[in-house]
Number of protein chains: 2
Amino acid sequence: MLAALAHSALMPRNAAVLPFPAEPAQHTRQPGPQVMNFAQDSGIYEEGDDATYFYKVVSGVVRTCHFSADGRRHIDAFYHVGEIFGFELASEHRFSAEAVTDCVLLPCHRHGMEEAAALDGVAIMHLYTYAMRQLDRARAHSQLLGRCNAMQKLGVFLLELSARKGDAEIELPMTRQDIADYLGLTVETVSRTIAHLEKDGVICLMRARHIVVKDRDRLEDLAA
Amino acid sequence: MLAALAHSALMPRNAAVLPFPAEPAQHTRQPGPQVMNFAQDSGIYEEGDDATYFYKVVSGVVRTCHFSADGRRHIDAFYHVGEIFGFELASEHRFSAEAVTDCVLLPCHRHGMEEAAALDGVAIMHLYTYAMRQLDRARAHSQLLGRCNAMQKLGVFLLELSARKGDAEIELPMTRQDIADYLGLTVETVSRTIAHLEKDGVICLMRARHIVVKDRDRLEDLAA
DNA sequence: CGGATTGTTGATTACTTTCAACAATGGTGG
DNA sequence: CCACCATTGTTGAAAGTAATCAACAATCCG
């Protein structure tokens, strides 16, 4: 069991990885019949739905979000290939989930996971590790929202996307509105801030959704 | 094991409870020699310290925080009696912890916990439950920081304190600066917003640290 | 009592939002 | 294949909210 912990420590910091269901599904060119397809902007589940299933992203990007009484949307997180979302402690989902792009998802039955955990110490250790990683992510996000101005928020956001891809060239899967709702800004501010970064030569805006990080150091200074 | 899950579901939503160490310590009038005392504003651990110990609050209030390069402080969370803080996935603490008031804390050895978890399915289930509860808390905080104005932030903050105590009369253990750093505001804005709430008759400011919620409904409307 | 800390209040500034208009893009059907 | 329309993104001007700078009041300790 402690070996499982040690192993976890070696995994990438923010990865949302669970060992179930079996990995093969994401490696096959033709995903088995157990995967589901979701069109861009379609809902996967809604806040308050029974959390019977959680999902692993096989391809595409997913957002989890919450709508407040006055109609404003808060995006809690984006989930990329290989990541897990929708796993809850409570019986209901606390956020809605929607497809940012066309997606292939692998739905996993929650009770299956819990039964596996009951039988298998390693499985539950993974559950725990998953929860703690998500926690780190959520805390980092709180810090970003609480302490930073628009420029810093965008800086961190772009650096994260770039780091995830391991490349200075970023293809944004989400709209400006998505970015705004994730960073606690408005579309206009996101747009203006990106324009400002381009004017300063920190990034190059090839197309609206295609950005190249020109000066990573300066971006990191901003994001500090 | 599933019984343990069901039990967890009955516990208060945001409680940060772990079964270790044994509960008796918090019930004795004279805590045993294993507890530690911390004076107000003293540091418990610093960001980057080895996360050898985590802590349970026996009395007092603790804040976990992070200092950014430009000297600004972000308070991640406040921990009250019975709650656990400083439990990490990584080997180092990601935040500093400080005593908001004079505190009595019960330090717990991390490896002790992990060994217990390795041997005991219920123990690790509690670990998992703890992590997921903290996650809910962190996500709610992100939402608050990302989507709300000063008035709404203060509304939610005061309602939480009031709910925790189960009383409309609140004794604030923290300074305005603490509140500001927790809500992503400045001291001045916190002070002004509280004054505004008082002028509107929503709260009554007995002393700076002693607030009575006069009109809970209106406060909830603000906080929505 | 006196000094330091904490909290309040006022005036000004800065940043972000809001409102508005327009440009670019992408998908669809003729 | 192109034109058209809806969606998405950008930019400008004005307004609003919170931050900053500054001064003062209240409170807490020694």
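Within every chain, numbering begins at 1; the chains are lettered A, B, ... in the order of the sequence lines, protein sequences first and strands thereafter.
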So which atom in B:A138 and which in A:S142 form the shortest heavy-atom distance, rounded to 0.1 Å? O-OG, 3.5 Å
Pull out every protein N or O sitting under 3.5 Å from an N or O of nucleotides 4-7 of chain D, one pair per line with the distance.
none

Counting C-beta onward and ignoring hydrogens, is there a side-chain heavy-atom pair between [X] and [Y] closer than 4.5 Å?
| X | Y | answer |
| --- | --- | --- |
| B:L145 | B:H141 | yes |
| B:L172 | B:I170 | yes |
| A:R216 | A:L159 | yes |
| B:I75 | B:I179 | no |
| A:R63 | A:D41 | yes |
| A:R72 | A:F67 | no |

Numerically ordered, the residues 144-153 of chain B set in heavy-atom contact under 4.0 Å with DNA chain D is B:N149, B:A150
For B:E171, the option from B:R207, B:R164, B:K165 that meets salt bridge (Lys or Arg N to Asp or Glu O under 4.0 Å): B:R207
Looking at residues 186-211 of chain A, who's got a heavy atom less than 4.0 Å off DNA chain C? A:T186, A:E188, A:T189, A:R192
Strand-adjacent residues in residues 63-74 of chain B, judged by heavy atoms under 4.0 Å from DNA chain C: none
Is a salt bridge present between B:R133 and B:E83, judged by a nitrogen-to-oxygen distance below 4.0 Å? no
Validate the cation-pi geometry between B:R137 and B:Y79: distance from NZ or CZ to the six-membered ring centre under 6.0 Å, angle to the ring axis within 45°. yes
About how many Å separate NE2 of A:H66 and CZ of B:R139, when rounded to the nearest 0.5 Å? 13.0 Å
Between B:Y53 and B:H109, how do the two ring planes meet: parallel, tilted or perpendicular, split at 30° and 60°? perpendicular
Quick one: are the ring centres of B:Y182 and B:F157 less than 6.0 Å apart? yes
Roughly how many Å is it from CG in B:D102 to C1' in D:dC29, rounded to a whole number? 13 Å
Send over the distance from B:D41 CG to D:dC28 C1', rounded to a whole Å. 13 Å
Check every nucleotide of DNA chain C for an atom under 4.0 Å from a heavy-atom of chain B, then give the first and the last such nucleotide from 5' to 3'. C:dT6 to C:dA11
Taken in chain and number order and not counting sequence neighbours, the residues that satisfy side-chain hydrogen bond (donor to acceptor under 3.5 Å, both in side chains) with A:T175 are A:D178
Of A:R176 and B:G184, whose closest DNA chain D nucleotide lies nearer the 5' terminus? A:R176
Going by atom types alone, do B:D70 and B:S68 pair a side-chain donor with an acceptor below 3.5 Å? yes
